[in-house]
Amino acid sequence: SPAVHRCRRRHRTWNLALTVPAPTSDPAPAASADVLAEDAKEASVDRRRGVAGPLTAMYLAVGAVSVIPILGFRQFYLAGDTIASWLPVSRGVGELLLDGESHLMDPTLWRGGNFVASARYGVWNPIVLALDVSVLQLDDLVVVMLLVTLVYLSILATGVFLLAREYGATQWPAAVGGVVMATGGWTLWMDAAWWTPHLASLAFTPFVWLAARRVARGGSSPIWFVVAAALCVTVGNPYSAVVVFVIVVAVVVEHADRRDLGNVLALGASLVSVGLIAFFVYIPFRQTSGVGFRETGIFNDESWSPGLGDLLGMSSPTATPLVSNFGRTVIGFPAAYLSWFVLPLAPWLQWRTLRRREFVGLAVFAGVFLLLALGPSNFWFFRWPMRLIPYLHLPIVIGAMVVLGRGLVTDRRSLRAATSAGIVAVGTYLAWADVPDDLSWHVAAAAVVVVAVGLSWFVGLRLTLIHI
């Protein structure tokens, strides 16, 4: 009845009054704040501990893979332009700085001493100069190049880890992505061994993308984008200016709505600043080109120009592309290789995750660099488009690591297994078709890939079922 209901309500109120203490002068709010602060501190420590494992494993893996080549051939990192030009000149630049002289030009070297006009020695980059005056002054050149390679590969792996985390990848897949990018075929065999400025440019690229994305979503100041991009465009790789521009375009496409308009405009203004830095670095190169030997114009002699079939060898460890290079017809290393699991595990990943607008930038960046990699061998001052393969691989790695963290798909296992086997078989066939004489190597590599993919599938499937 209404009377009984009122009586019960009064009883509950009286009970509540008995159980809730009256306000006193005790510092309860302060105590609660202290507890919350302590909980936040413990949570921060837990997060640091949680990321320590993946990062440690990532650095150890990158270091181990970097050391393996010199165990078989001690001069592995002393090849091409590295030993012919970059290393001796950079060492000389460091000596000039240590002697208190200008490092921009050395008249005693005649035309070869115009370091500013060459634009390949990073004379405006503080990190490059720090290596010039420290590591490059060691007597053992093998140790010098190993340390330089470790520095840049570690920077690259760290940047990929952070960029993958920015896109939503979990910690362990993000660390795997760092290892994959730092140990790719072109990155390790060519950029690290032959063209150190290209490796340095690639190393700073993920940080440029990370900073641009944070500016666009209002999570960071534009100054950090300018700093990261300045480090990228001043290392000595003309392609880096193109890379920075494409990154900004990709990020703008992701955030092209009214909510982020102010941040996007700030990013665009920052890009103008970076453009002025790049202009300052490369204008001497352009102005002295008339008395130099760099070919200009647009033409195609197929030199270092991959085909679409070559790019499909990213999961074939023995695929050596049939591409013209320095008078040879076959590249003697897996130039397009990325990782053995990226394509074979693709049928088991939840790619629908990437359909959201926040991932559109990955497709834009990949599409642009796919077209550039398939372009003519010479385009103005840019040549040898095969150099762009690592940039094509970067968004592929980020997207793959994001979906890898979502677990494997568990339905239609027979169809997916057959697709994975077909991918391995096609990759092996294409590798064999380019170099038929290496049949035993191709078959052995395919067998190893099949076993590795099978073990990865088994472990990944168990983890997925556990989380389900």
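Note that the structure is predicted; figures quoted are calculated from it, not measured.
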N/O donor-acceptor pair under 3.5 Å between Arg357 side chain and His255 backbone | no
CD1 of Ile423 to OG1 of Thr428, rounded to nearest 0.5 Å, is 11.5 Å
Item to check | Lys/Arg cation over aromatic Tyr167: Arg213, 6.0 Å, 45° cone | outcome: yes
Exactly one of Ile398, Val403, Val397 clears side-chain contact (heavy atoms from CB on, under 4.5 Å) with Met401, and that residue is Val397
Side chains of Leu374 and Pro385, heavy atoms from C-beta outward: is any pair under 4.5 Å?
no
Practice problem: Look only at the side chain of His442 and the backbone of Ala431, and say whether a donor-acceptor pair between them is shorter than 3.5 Å. | Solution: yes
| query | Are Arg214 and Glu166 ion-paired here, with the side-chain N under 4.0 Å from a carboxylate O? | reply | yes
Rounding to 0.5 Å, atoms OG (Ser316) and CG (Asp310) come to a distance of 11.0 Å
Answer yes or no: is there a side-chain heavy-atom contact under 4.5 Å between Val281 and Val233? no
Item checked: More than 12 heavy atoms of other groups within 6.0 Å of Arg412 CZ -> no
message: Side chains of Thr320 and Phe333, heavy atoms from C-beta outward: is any pair under 4.5 Å?
response: no
salt_bridge(Asp301, Arg383) N-O dist < 4.0 Å: no
Note to self: I'd like to check Pro390 versus Asp191 (side-chain heavy atoms, cut-off strictly below 4.5 Å). Are they in contact?
What the structure shows: yes
Point to revise | Trp304 ring center within less than 6.0 Å of Trp186 ring center | key: yes
dist Arg413:CZ -> Trp457:CH2 (nearest 0.5 Å) comes out at 5.5 Å
Heavy atoms of Ala446 and Val424 approach each other most closely as O-CG1, 4.1 Å
*Any side-chain heavy atom of Thr183 sitting closer than 4.5 Å to one from Leu153?*
no
On the 0 to 90° scale, with breaks at 30° and 60°, tag the Trp194-Phe326 ring pair as parallel, tilted or perpendicular.
parallel
Counting heavy atoms not belonging to Phe379, are there more than 12 under 6.0 Å from its CZ?
no
**Asked** Between Phe207 and Trp224, does the ring centre distance come in under 6.0 Å?
**Response** no
Value for NE2 (His393) from OG (Ser339), rounded to nearest 0.5 Å, stands at 10.0 Å
| query | Side chain of Gln350, backbone of Gly407: donor and acceptor closer than 3.5 Å? | reply | yes
Has Asn300 got a side-chain atom pairing as donor or acceptor with Ser377's backbone, closer than 3.5 angstrom?
yes
Would you say the side-chain atoms of Trp432 pair up with the backbone N or O of Asp437, donor to acceptor, closer than 3.5 Å?
no
Quiz item: Is there a side-chain contact (heavy atoms from CB on, under 4.5 Å) between Asn325 and Ser303 once you walk through the steps?
Solution: CA-CA 5 Å; Asn325 65 100; Ser303 180; 5.7 Å; no
Exercise. Kindly indicate whether the side chain of Phe382, heavy atoms from C-beta on, has any atom under 4.5 Å from the side chain of Asn378.
Key: no
So, are Arg416 and Asp411 salt-bridged, with charged N and O less than 4.0 Å apart? yes
Check: Within the side chain of Asp81, is there an N or O that forms a donor-acceptor pair under 3.5 Å with the backbone of Trp195?
Finding: no
(request) Go through the steps for Ser201 and Tyr391 under the test side-chain hydrogen bond (donor to acceptor under 3.5 Å, both in side chains), then give the verdict. (result) CA-CA 10 Å; Ser201 174; Tyr391 297 100; 3.2 Å; yes
Side-chain donor or acceptor of His103 paired with backbone N/O of Val123 under 3.5 Å = yes
Correct closest heavy-atom pair for Ala278 and Ala241 would be CB-CB, 4.4 Å
**OP:** Please state whether the rings of Tyr282 and Phe285 are parallel, tilted or perpendicular, taking 30° and 60° as the class boundaries.
**Re:** perpendicular
*Within a reach of under 6.0 Å around CZ of Phe245, are more than 12 heavy atoms found that belong to other residues, nucleotides or ligands?*
no
Smallest heavy-atom separation, Gly313 atom then Ala319 atom, equals O-CB, 4.3 Å
- Message: Is any side-chain heavy atom of Leu202 closer than 4.5 Å to one of Met181?
- Response: yes
Using side-chain hydrogen bond (donor to acceptor under 3.5 Å, both in side chains), reason through Tyr77 and Ser66 one step at a time and then give a plain yes or no.
CA-CA 10 Å; Tyr77 295 116; Ser66 302; 4.6 Å; no
Is there side-chain contact between Thr196 and Met145, with at least one heavy-atom pair below 4.5 Å?
-> yes
Evaluation steps, side-chain contact (heavy atoms from CB on, under 4.5 Å), between Ile389 and Leu311: CA-CA 8 Å; Ile389 285 180; Leu311 301 180; 3.9 Å; yes
Note: Ser221 and Val215 closest approach over all heavy atoms is O-CG2, 3.6 Å
Is it the case that the side chain of Gln137 and the backbone of Asp132 share a donor-acceptor pair, with hydrogens and angles ignored and the cut-off at 3.5 Å? yes
Run the side-chain contact (heavy atoms from CB on, under 4.5 Å) check on Val251 and Phe225 step by step: do they pass? CA-CA 12 Å; Val251 171; Phe225 168 75; over 6 Å; no
So, the side chain of Arg406 versus the backbone of Val402: is there a donor-acceptor pair under 3.5 Å, distance only?
-> yes
Here the gap from Leu141 atom CG to Thr82 atom OG1, rounded to the nearest 0.5 Å, amounts to 11.5 Å
| message | I'd like to know whether Leu147 forms a side-chain contact (heavy atoms from CB on, under 4.5 Å) with Val151, so could you lay out the CA-CA distance, the side-chain angles of the two residues, the decisive distance to 0.1 Å, and finally the verdict. | response | CA-CA 6 Å; Leu147 293 176; Val151 168; 5.5 Å; no
Expected output: side-chain Ser240 to main-chain Asn237 donor-acceptor under 3.5 Å: yes
When every non-hydrogen atom of Pro344 is compared with those of Val449, the smallest separation belongs to CG-CG1, 4.3 Å
Between Ser315 and Tyr337, does any side-chain donor sit less than 3.5 Å from a side-chain acceptor? no
Separation between CG (Leu265) and CG (Leu261), nearest 0.5 Å, reads 4.5 Å
Between Leu267 and Ala216, the two heavy atoms sitting closest are CD2-CB, 4.5 Å
